[in-house]
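Structure first, commentary second.
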Protein chains: 2
Amino acid sequence: MRLLLVEDTVALADQLLPLLRDHGYAVDWLADGRDALVRAHDDDFDLVILDLGLPGLDGLEVLRRWRQQGLSMPVLILTARDSWAERVDGLRAGADDYLTKPFHPEELLLRVQAVLRRSHGSANQRRLRACGVELDEERQSAWLDQDEIELTGAEFRMLRYFMLNPGRLLSKIALSEHLYDGESERDSNVVEVHINRLRRKLGGEVIQTRRGQGYLFTGRD
Amino acid sequence: MRLLLVEDTVALADQLLPLLRDHGYAVDWLADGRDALVRAHDDDFDLVILDLGLPGLDGLEVLRRWRQQGLSMPVLILTARDSWAERVDGLRAGADDYLTKPFHPEELLLRVQAVLRRSHGSANQRRLRACGVELDEERQSAWLDQDEIELTGAEFRMLRYFMLNPGRLLSKIALSEHLYDGESERDSNVVEVHINRLRRKLGGEVIQTRRGQGYLFTGRD
DNA sequence: AGCCCGCCTTAACGCAACCTTAAAGGAGGC
DNA sequence: GCCTCCTTTAAGGTTGCGTTAAGGCGGGCT
């Protein structure tokens, strides 16, 4: 976890740096607003702790420019003045959180953790991957390399069942029983039709047929 | 965006409810901790605003149990006492943010916005941006390139929910549940009508329909 | 070889899901 | 209190998915 601390009060920085490092963060430290402005482009920080009262360039202005330039890392603001207006300005400028001086060091730690947890926790895309095919469950579509392949409801359900059982022989009856809860019709070729449609979209080789036994999802190996 | 406000001070709730609703949130209100504990299981709230001093069951305890039961929605804490220890306890218990009474209503709004964006992985920009569309939460209007597109309340609410869940398939039921609070009808085509309106204003391609499954916000890719 | 059975392919149909439009119902402003 | 604009309801039209059905193909068994 890579942090950037932008703080010109040496005493405070001296106090925070070891604390953060003790807790497993790699922390870079800058004391000047202008330095911070460019530095954030050079490295990919997971979070920035930004003091508002800075020499060189005011913290609020730094933050505003970062956002304007498309930098989107989480920013936690430190402010000496406990005025409502300033906190609002900070949030408006694009801060994720703020802390009012003086604060207890442990509180900073907790807020850092909270912000990081939030900003990373939601990045988990639910994607199922097997044999060279990806399935985006949130989007209900498949991906081959970089190409998105839109699926209908039945196709999606069938492909998902295949991908949850990769390399396993699935009989026609098992498939139809899984796709339709209730008893399945015997004299119907629904499964075959949908297999056919999947093969058309994904390429013929992704699903092998074992005559008399069922189908096997092999992907593109 | 569906919120739950848990606050026993009637005067404060009376002040906050219209404010939040004016800004496009569907808000349910409870005054008792025990009610809140179960209610959070019944509905899928996008955020909870939780007062700590509650009758029935203390707010901190409510939060702790929610987390223990696997509920992970963002929670914003309101606390009357400005003690460091309580804020730390709140964050430890799994809160995402806190606000100390008394606070300025506008500050609550900004924090709500910040937490919601953070929990959906977007950077805390002034404008919400996804897939070539920008959304100005203050003006409740959208921007395509340089053109401002005025939105009505319902359109804004819907578009915001789409933009906070980009690339994710949203069912009609999910949409209506997140756009309307407690007592709302289910067998109606409101969602379809508003989808239609949004498509007219933003262009037909911004929202795909996946028949039988839901809608997908794709912007202008 | 020839036949049968299992699988493939294609096209067509029906129905539910969805779209569109208009008009009624409400809320807020002047 | 009236006017306006937004939201919701309602009704009819349209579309596309899921299913069925029919014809073709080929492998394996007798």
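Computation of the quantities below employed the complete heavy-atom set of this structure, encompassing side-chain atoms and omitting hydrogens, waters and symmetry-equivalent molecules. Just so we're on the same page: letters track the sequence lines, and every chain starts at 1. These numbers come from a predicted model, not from an experiment.
- Between B/Glu150 and B/Lys201, no side-chain nitrogen of the basic residue sits less than 4.0 Å from a carboxylate oxygen of the acidic one, so the salt-bridge criterion is not met.
- Of the candidate nucleotides C/dC8, C/dT10, C/dT21, C/dT10 has the atom nearest to the side chain of A/Arg200.
- Residue-to-nucleotide proximity on DNA chain C shows that, of B/Gly212 and B/Val193, the 5′-proximal contact is made by B/Gly212.
- Using a 4.0 Å cut-off, some side-chain N or O of B/Thr152 falls inside it from OP1 or OP2 of D/dT7.
- We find that CD1 of A/Ile173 is positioned 10 Å from P of C/dC7, with the value rounded to whole Å.
- Counting only heavy atoms from C-beta outward, the side chains of B/Leu52 and B/Tyr98 never approach each other to under 4.5 Å.
- Contact annotation: B/Asn196 side-chain N/O to C/dT20 OP1/OP2 distance is under 4.0 Å.
- Whole-Å rounding puts the B/Asp22 CG to C/dG29 P distance at 9 Å.
- When distances are taken from the side chain of B/His194 to each of D/dT8, D/dG18, C/dC7, the shortest belongs to D/dT8.
- The interatomic distance linking A/Arg210 (CZ) with D/dG28 (C1') rounds to 17 Å, in whole Å.
- Between A/Phe156 atom CZ and D/dC17 atom P there is a gap of 16 Å when expressed in whole angstrom units.
- For a distance-only test at 3.5 Å, the side chain of B/Arg157 fails to qualify as a donor-acceptor partner of the base of D/dT7.
- One finds a salt bridge joining A/Asp96 and A/Arg67 here, because a Lys/Arg side-chain nitrogen approaches an Asp/Glu carboxylate oxygen to under 4.0 Å.
- Under 3.5 Å, the side chains of A/Gln69 and A/His41 contain a donor-acceptor pair of N or O atoms.
- Considering only side-chain N and O atoms, A/Tyr215 lies under 4.0 angstrom from the phosphate OP1 or OP2 of C/dC8.
- When distances are taken from the side chain of B/Arg211 to each of D/dT15, C/dA12, D/dT8, the shortest belongs to D/dT15.
- Separating the CD atom of B/Glu155 from the P atom of D/dT7 is a distance of 6 Å, rounded to the nearest angstrom.
- The side chain of A/Asn189 lies closest to D/dA21, out of C/dC8, D/dA21, C/dC5.
- In this model, the phosphate group of C/dC18 is approached by a side-chain N or O of B/Lys172 to a distance below 4.0 Å at OP1 or OP2.
- Applying the 4.0 Å criterion to OP1 and OP2 of D/dT20, one finds that A/Ser188 has a side-chain N or O inside that range.
- In this model, a donor atom of one side chain and an acceptor atom of the other lie less than 3.5 Å apart for A/Arg210 and A/Gln208.
- Protein atom CE of B/Met158 is 16 Å distant from nucleotide atom C1' of D/dC6, rounded to whole Å.
- For the pair A/Leu216 CG and C/dC7 P, the interatomic distance rounds to 14 Å; values are reported in whole Å.
- Nucleotide D/dT7 holds its C1' atom 14 Å from the CG atom of B/Leu198, rounded to whole Å.
- Regarding contacts with the backbone of C/dC19, a side-chain N or O of B/Arg199 is found under 4.0 angstrom from either OP1 or OP2.
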